[in-house]
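Chain naming here is simple, since letters A, B, ... match the order of the sequence lines and numbering starts at 1 in each.
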Protein chains: 2
Amino acid sequence: MMGSKENILKTAVTLFSRQGFDGVSMRKLAKSANMSTAAVYHHFPNKQALYLQAMHFAFAKQQQAFDQVWQADLEADEKLSRFVRCLAEVLTTDVDFRRFMQRELLDADDGRMQLLAKQVFQEQFKQLMAVIEQKSGSQQQAHFSALSVISLVCDIIQMQPLSRHLPGWKKEHEQVDFIACQVLNLLMNGIKSKGSK
Amino acid sequence: MMGSKENILKTAVTLFSRQGFDGVSMRKLAKSANMSTAAVYHHFPNKQALYLQAMHFAFAKQQQAFDQVWQADLEADEKLSRFVRCLAEVLTTDVDFRRFMQRELLDADDGRMQLLAKQVFQEQFKQLMAVIEQKSGSQQQAHFSALSVISLVCDIIQMQPLSRHLPGWKKEHEQVDFIACQVLNLLMNGIKSKGSK
DNA sequence: TCATTTATACCTAACGTTCGTTTGGGTAGA
DNA sequence: TCTACCCAAACGAACGTTAGGTATAAATGA
């Protein structure tokens, strides 16, 4: 029904994203995948290689989720809106992907970072920058603005376990649509939003 | 010249923030602090307790850095501006603090999260919310807006190792003043910033 | 005052456990 | 028979933690 290698990779993604490289032993991983430790070593040469392949596996799943966002016949506003919505959805839905990302940013291994930038984010980032240039007129700060958009969505979601315990929190704040909507509003108008003088 | 316990804590903060709980052994830690393993156990009952005290140590250092921000006689704009500047500075200067924070968000232990919310962030967050309510008129979305401000600064800084490899990057993008300035501009005006019609 | 207790800070060496990995062998389909 | 797949058992190394001892200096009692 499912290839052993794929099964191991799926298990590895879940475990590594939740407990990190050092937090997961090959024994625990094998047991979670319902096989012996040596069977895992039959499919992967060592722990490091398994981790890398698991990372690729986790990121590859999401690479095409954004393709529908950048359809050529859409307005810049609509593209931006779809991107934010899509990013928020991916990050809330695929917790493992988000955690893997966070972990990689923490480790900050420059080689892996370069790989991630080139293979996963570069294309999306270029598209996002193009949309922003179109909207803002200047291409001066497109990089920084694009980064801001992504950062805003990512960190709002990743701060949820903390913000739950801060004053004024409501459960709606964690719904994808609410996040996307608020972020877009902020991007368009700044924090003064609507009702101010 | 320096108490052993404090010396251990400082070493622990550095190591734990960079390599995580599982990535640091008591032997490595003791060697880094120039003492035997057993000497560490003389000051701390076990690894878990040491980690917790190190976390407190790392966060306590920064708790009062924000106090000068919320002086009562300042304009709301000025308060917000100072807060963003201060946050950006702390997160860029004290790398260990930032990494510890990121790691706690990843682990998301709810007990520790509650502690952090109450003892470290609650007061700052309230002040920030008050400023935002004042600026935007409504208190409806103050929580989310405050969260957005913090998220924006945090994640821009934490994404630096990745953004370095994305198109359009310049070295100025990582300077505290530049970040603070851009973030404020975004908060005030949205991404269309200045030159667009 | 001086011997002695007490307390603190630290050491080496070891405890039992778990780690990543390997060995040597099994079993089933081609 | 060959190849792909899987197992139980074991390897040495590193793990968290503890036992038992030493050095130093303050506190104590005669």
Side-chain angles (χ1 to χ4, degrees), chain A residues 1-58 96 99-100 103-104 106-109 111-112 115, chain B residues 1-58 96 99-100 103-104 106-109 111-112 115:
Chain A
M1 188 172 174
M2 182 170 42
S4 289
K5 190 160 177 175
E6 197 182 322
N7 178 33
I8 295 174
L9 279 176
K10 277 185 181 159
T11 311
V13 166
T14 308
L15 292 184
F16 281 138
S17 80
R18 274 157 224 258
Q19 339 225 86
F21 184 86
D22 293 315
V24 179
S25 72
M26 294 299 265
R27 285 170 174 82
K28 274 197 259 176
L29 200 153
K31 186 165 281 182
S32 284
N34 294 313
M35 40 190 359
S36 73
T37 316
V40 176
Y41 277 93
H42 175 74
H43 294 278
F44 302 92
N46 54 48
K47 192 182 179 184
Q48 187 75 37
L50 172 55
Y51 180 85
L52 246 63
Q53 288 196 43
M55 192 189 85
H56 275 110
F57 190 78
D96 294 338
R99 297 178 87 102
F100 237 118
R103 254 177 228 290
E104 286 303 306
L106 256 173
D107 283 8
D109 175 285
R112 252 148 53 198
L115 215 86
Chain B
M1 188 172 175
M2 183 170 41
S4 290
K5 190 161 178 174
E6 196 181 322
N7 178 33
I8 296 173
L9 279 176
K10 277 185 181 160
T11 312
V13 166
T14 306
L15 292 184
F16 280 137
S17 80
R18 272 155 225 257
Q19 338 226 85
F21 184 87
D22 293 316
V24 180
S25 71
M26 294 300 265
R27 286 171 173 82
K28 275 197 258 177
L29 201 152
K31 187 165 281 181
S32 284
N34 296 313
M35 42 191 354
S36 74
T37 315
V40 177
Y41 278 93
H42 175 73
H43 294 279
F44 301 91
N46 54 48
K47 192 183 179 183
Q48 187 75 37
L50 171 54
Y51 181 85
L52 248 63
Q53 287 195 44
M55 191 188 84
H56 276 109
F57 191 78
D96 294 338
R99 296 178 87 102
F100 236 118
R103 254 177 227 291
E104 286 303 308
L106 256 174
D107 283 6
D109 175 286
R112 250 147 57 198
L115 216 85

Please table the atom pairs, donor to acceptor, closer than 3.5 Å between any side-chain atom in residues 24-34 of chain B and protein atoms at least two apart or in another chain.
from, atom 1, to, atom 2, distance (Å)
B/Ser25, OG, B/Lys28, N, 3.1
B/Lys28, NZ, B/Gly23, O, 2.9
B/Ser32, OG, B/Lys28, O, 3.3

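- As rounded to whole Å, 19 Å separates atom P of C/dA13 from atom OH of B/Tyr41.
- With a 6.0 Å cutoff to the six-membered ring centre and a 45° limit on the axis angle, B/Lys47 counts as a cation-pi contact of B/Phe21.
- The distance between atom NZ of B/Lys31 and atom P of C/dT12, rounded to the nearest whole Å, is 11 Å.
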Sequence-aligned protein contact record of nucleotides 1-8 of chain D, with B where the base is within under 4.0 Å of a protein heavy atom and S where only the sugar-phosphate is: ----BSBB
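- B/Tyr51 and B/Phe100 have tilted rings, their planes meeting at an angle from 30° to 60° on a 0 to 90° scale.
- When side chains are defined from C-beta on, A/Leu106 does not count as touching B/Arg18, because their heavy atoms never get closer than 4.5 Å.
- When distances are taken from the side chain of B/Met26 to each of D/dG16, C/dG20, D/dC15, the shortest belongs to D/dG16.
- Put simply, the side chain of A/Phe44 reaches to within 4.5 Å of the side chain of A/Lys5, judged on heavy atoms.
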Just the atom pairs and distances: protein N or O near nucleotides 11-14 of chain D's N or O, under 3.5 Å.
none

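- In this entry the distance linking NZ of A/Lys47 with P of C/dT21 reads 8 Å, nearest Å.
- Side-chain contact between B/Leu50 and B/His43 is absent, with no heavy-atom pair separated by less than 4.5 Å.
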Derivation and outcome, side-chain contact (heavy atoms from CB on, under 4.5 Å), residues B/Gln19 and A/Asp22: CA-CA 9 Å; B/Gln19 338 226 85; A/Asp22 293 315; 5.9 Å; no
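- At a threshold of 4.5 Å between non-hydrogen side-chain atoms, the residues B/Leu9 and B/His56 do not count as touching.
- B/Val24 comes within 4.0 angstrom of the backbone, heavy atoms only, and of no base.
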